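Written below as structure tokens is the structure these notes are about.
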Amino acid sequence: MAFWSSTSIFTSKVPRKILFMFTLSLSVTYLFYSLMSCYNSLQFPLQENYAYQGRLVTDETTFVTLREKLYSASQGLTEFTETERTTAVSTVKDHAEAEQRTVEWIRTQASPTKSAAAYHNTAVEKEHQEFSTTDSELRVNCTMDYGEKKLPQAIIIGVKKGGTRALLEALRVHPDVRAVGNEPHFFDRNYEKGLDWYR
Ligand SMILES: Nc1ncnc2c1ncn2[C@@H]1O[C@H](COP(=O)(O)OS(=O)(=O)O)[C@@H](OP(=O)(O)O)[C@H]1O
């Protein structure tokens, strides 16, 4: 009875040992998790930013980060070994060749005869000349702060809920693509505002 009394519980030898072991195991566990979190933050500093700095993770920032990552990955080819570089370069070449073959195949499917293809190309070129922005027009629309304001080189057209947003975001990932933040809805909602607004 006396063994479990409030005074003797801290003085008797057995509970003191148990208390010591308990405190020690708690300290060791705490130390272990502290070291683990330190290791993780060193290994994944980017995720750390998002998780702990309260940074607003919007679609925009996510895709911009992804794009930067992809871009730096392609820039970082120089840091690879010779074999890795050769493999990477040949993969890029393979992709380019496959893309070229696909484009040619689509062209031949779309215009089966050579004359039709030539006619198609001439028509496209003419259309391009008519609708593309000239250098003088561009100079008028240049500002020091925002760079050149150009008409788009590609437009995504789609019905509502047709997945246009997904396509836009997927294209935005490419380092050479500069896409608008939100869908501008020029042709269906803002047409009367004119091309100056659209640029
Ligand atoms: N690949 C693929 N497959 C199936 N569904 C897809 C795909 N990409 C986008 N989506 C769905 O398309 C919906 C958004 O389309 P939009 O971006 O055109 O929407 S909007 O009209 O511009 O608001 C949206 O559907 P809801 O979630 O029902 O709104 C997306 O989930």
Side-chain angles (χ1 to χ4, degrees), residues 40 43-77 80 84 87-112 117 120-121 123-134 137-138 140-143 145-199:
N40 280 343
Q43 210 178 14
F44 311 110
L46 208 77
Q47 287 178 5
E48 191 78 354
N49 281 346
Y50 283 125
Y52 299 117
Q53 289 180 6
R55 182 172 165 184
L56 185 67
V57 184
T58 58
D59 281 359
E60 189 78 19
T61 52
T62 311
F63 277 99
V64 165
T65 315
L66 188 55
R67 186 158 77 167
E68 278 165 5
K69 263 195 206 169
L70 282 174
Y71 191 60
S72 61
S74 63
Q75 295 277 312
L77 276 179
F80 292 163
E84 283 170 333
T87 320
V89 169
S90 66
T91 315
V92 170
K93 266 188 189 167
D94 287 351
H95 278 297
E97 278 169 17
E99 212 166 282
Q100 183 66 28
R101 278 201 300 275
T102 315
V103 170
E104 275 165 19
W105 182 83
I106 290 169
R107 271 200 192 134
T108 51
Q109 294 299 310
S111 43
H120 175 74
N121 286 344
V124 168
E125 264 170 35
K126 201 176 163 198
E127 201 174 313
H128 180 72
Q129 279 168 4
E130 278 173 12
F131 290 100
S132 63
T133 321
T134 60
E137 278 174 312
L138 276 179
V140 170
N141 287 290
C142 283
T143 62
D145 294 339
Y146 303 107
E148 290 175 357
K149 292 168 104 185
K150 290 182 185 174
L151 286 172
Q153 289 173 311
I155 299 173
I156 299 173
I157 302 171
V159 292
K160 211 162 166 52
K161 294 287 169 191
T164 46
R165 181 88 213 173
L167 178 58
L168 176 69
E169 297 305 346
L171 288 173
R172 196 203 299 283
V173 171
H174 196 283
D176 295 339
V177 173
R178 193 168 152 225
V180 284
N182 290 315
E183 296 176 18
H185 284 279
F186 175 64
F187 294 98
D188 56 346
R189 294 182 199 160
N190 298 301
Y191 193 72
E192 64 285 351
K193 291 182 182 165
L195 287 176
D196 274 345
W197 177 89
Y198 192 31
R199 264 187 252 264

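Bear in mind the structure is a predicted one, so any value in this text is a computation, not a measurement. Order of listing sets the numbers, starting from 1, for every ligand and every atom in it.
With hydrogens left out, the protein atom closest to atom 10 (N) of ligand 1 is Gly163 CA, 4.4 Å, a heavy atom. Given atom 20 (S) of ligand 1, the protein heavy atom at minimum distance is Lys161 N, 3.8 Å.
Listed by number with element, the atoms of ligand 1 under 4.0 Å from a non-hydrogen atom of Ala166 are 8 (N), 9 (C). Within ligand 1, counting atoms from 1 as listed, the ones closer than 4.0 Å to a heavy atom of Arg165 are 17 (O). For ligand 1 and Glu183, the ligand atoms under 4.0 Å from any heavy atom of the residue are 22 (O).
When the side chain to side chain contact (heavy atoms under 4.5 Å, CB included) test is applied to Leu167, the partners found at least two apart in sequence or on another chain are Ile156, Leu171. Partners of Phe186 by ring-ring contact (aromatic ring centres under 6.0 Å, His included), not counting sequence neighbours, listed by chain and number: Tyr191, Tyr198.
Less than 4.0 angstrom separates atom 1 (N) of ligand 1 from none of the non-hydrogen atoms of the protein. Under the 4.0 angstrom criterion, atom 16 (P) of ligand 1 counts as having a protein heavy-atom contact. Within 4.0 Å of atom 5 (N) of ligand 1, not a single protein heavy atom is present. For atom 24 (C) of ligand 1, the nearest protein heavy atom lies 4.0 Å or farther away. Less than 4.0 angstrom separates atom 28 (O) of ligand 1 from none of the non-hydrogen atoms of the protein.
Scanning both residues, Lys160 and Arg189, for their nearest heavy atoms gives NZ-NH2, 4.4 Å. Of all heavy-atom pairs spanning Ala179 and Leu168, the tightest one is CB-CD1, 3.7 Å.
The structure places CD1 of Ile157 at 10.5 Å from CG of Asp188, a figure rounded to the nearest 0.5 Å.
Taking only nitrogen or oxygen atoms, main chain and side chain alike, Gly162 reaches within less than 3.5 Å of ligand 1.
In terms of modelled atom types and a separation under 3.5 Å, the side chain of Arg172 and the main chain of Val180 share a donor-acceptor contact.
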